[in-house]
Amino acid sequence: MHSFIAVEIVLRDRIPGAGKKPLQELIEQSAAGGALKARQAECLDYGRKIRSRMAHGQTTHAVMPPAMAVAMATTLFAIVSELCAPPD
């Protein structure tokens, strides 16, 4: 959950006029603008849905097997690293 919060913060920082747009819109806008690869956007959207279900009490237990959770966390870390990298 914390890694999703980090990604959302970075996306809000990188997208002009992000304001209070929903995370889904930030993901779509980032993918359309080329800041996210299609696979990254797909991974984020999947995780966003899980995060939303947990935040609204629809899911209260682990919904990902450990191997999948590691892959998700690794992808989120890569996204934050890429978006925060200094320009070439």
Side-chain angles (χ1 to χ4, degrees):
M1 297 311 293
H2 292 285
S3 53
F4 272 100
I5 293 168
V7 169
E8 185 170 1
I9 289 168
V10 171
L11 290 177
R12 287 191 188 286
D13 186 58
R14 298 293 186 263
I15 297 173
K20 295 195 181 265
K21 290 180 181 177
L23 181 56
Q24 180 179 3
E25 195 172 326
L26 298 177
I27 294 167
E28 291 168 357
Q29 190 174 345
S30 297
L36 292 175
K37 297 174 186 104
R39 180 70 184 118
Q40 290 174 322
E42 186 179 298
C43 178
L44 278 176
D45 194 53
Y46 176 75
R48 175 193 64 80
K49 291 173 185 173
I50 293 171
R51 184 191 77 161
S52 180
R53 287 192 302 261
M54 289 179 75
H56 297 286
Q58 297 165 335
T59 300
T60 58
H61 61 283
V63 293
M64 270 189 222
M68 188 176 206
V70 169
M72 178 73 70
T74 301
T75 299
L76 296 174
F77 180 81
I79 291 168
V80 170
S81 296
E82 290 170 16
L83 292 174
C84 291
D88 293 333

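Hydrophobic clustering (side-chain heavy atoms under 4.5 Å, transitive across Ile, Leu, Val, Met, Phe, Trp, Tyr) keeps M72 apart from F77.
In this structure, D45 CG and I50 CD1 are separated by 10.5 Å, a value rounded to the nearest 0.5 Å. Here the CG atom belonging to L23 is positioned 11.0 Å from the CD1 atom belonging to I5, to the nearest 0.5 angstrom. In this structure, I79 CD1 and L44 CG are separated by 4.0 Å, a value rounded to the nearest 0.5 Å. Between the CD1 atom in I27 and the CG atom in L11 there is a gap of 7.0 Å [rounded to 0.5 Å]. To the nearest 0.5 Å, the span separating CG on L26 from CZ on R14 amounts to 13.5 Å.
Defined by atom type and a distance below 3.5 Å, a donor-acceptor pair is missing between the side-chain atoms of Q29 and E25.
The pair E8-R51 meets the salt-bridge criterion, since a charged nitrogen lies less than 4.0 angstrom from a carboxylate oxygen. Using a 4.0 Å cut-off between a side-chain N of Lys or Arg and a carboxylate O of Asp or Glu, E82 and K37 qualify as a salt bridge.
Among all heavy-atom pairs drawn from I15 and S30, the shortest one is CD1-OG, 3.2 Å. In plain terms, the two heavy atoms of L83 and A35 that are nearest each other are CD2-O, 3.8 Å. For C84 against V10, the heavy-atom pair with the smallest separation is SG-CG2, 3.8 Å.
Distance alone, capped at 3.5 Å, places no donor-acceptor pair between the S52 side chain and the R48 backbone. Panel note: side chain R12, backbone G19; a donor-acceptor pair is recorded below 3.5 Å.
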Going through the checks in order, is the salt bridge (Lys or Arg N to Asp or Glu O under 4.0 Å) test met by E28 and K21?
-> CA-CA 11 Å; E28 291 168 357; K21 290 180 181 177; over 6 Å; no
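The closest side-chain heavy-atom distance from T74 to V70 is below 4.5 Å.
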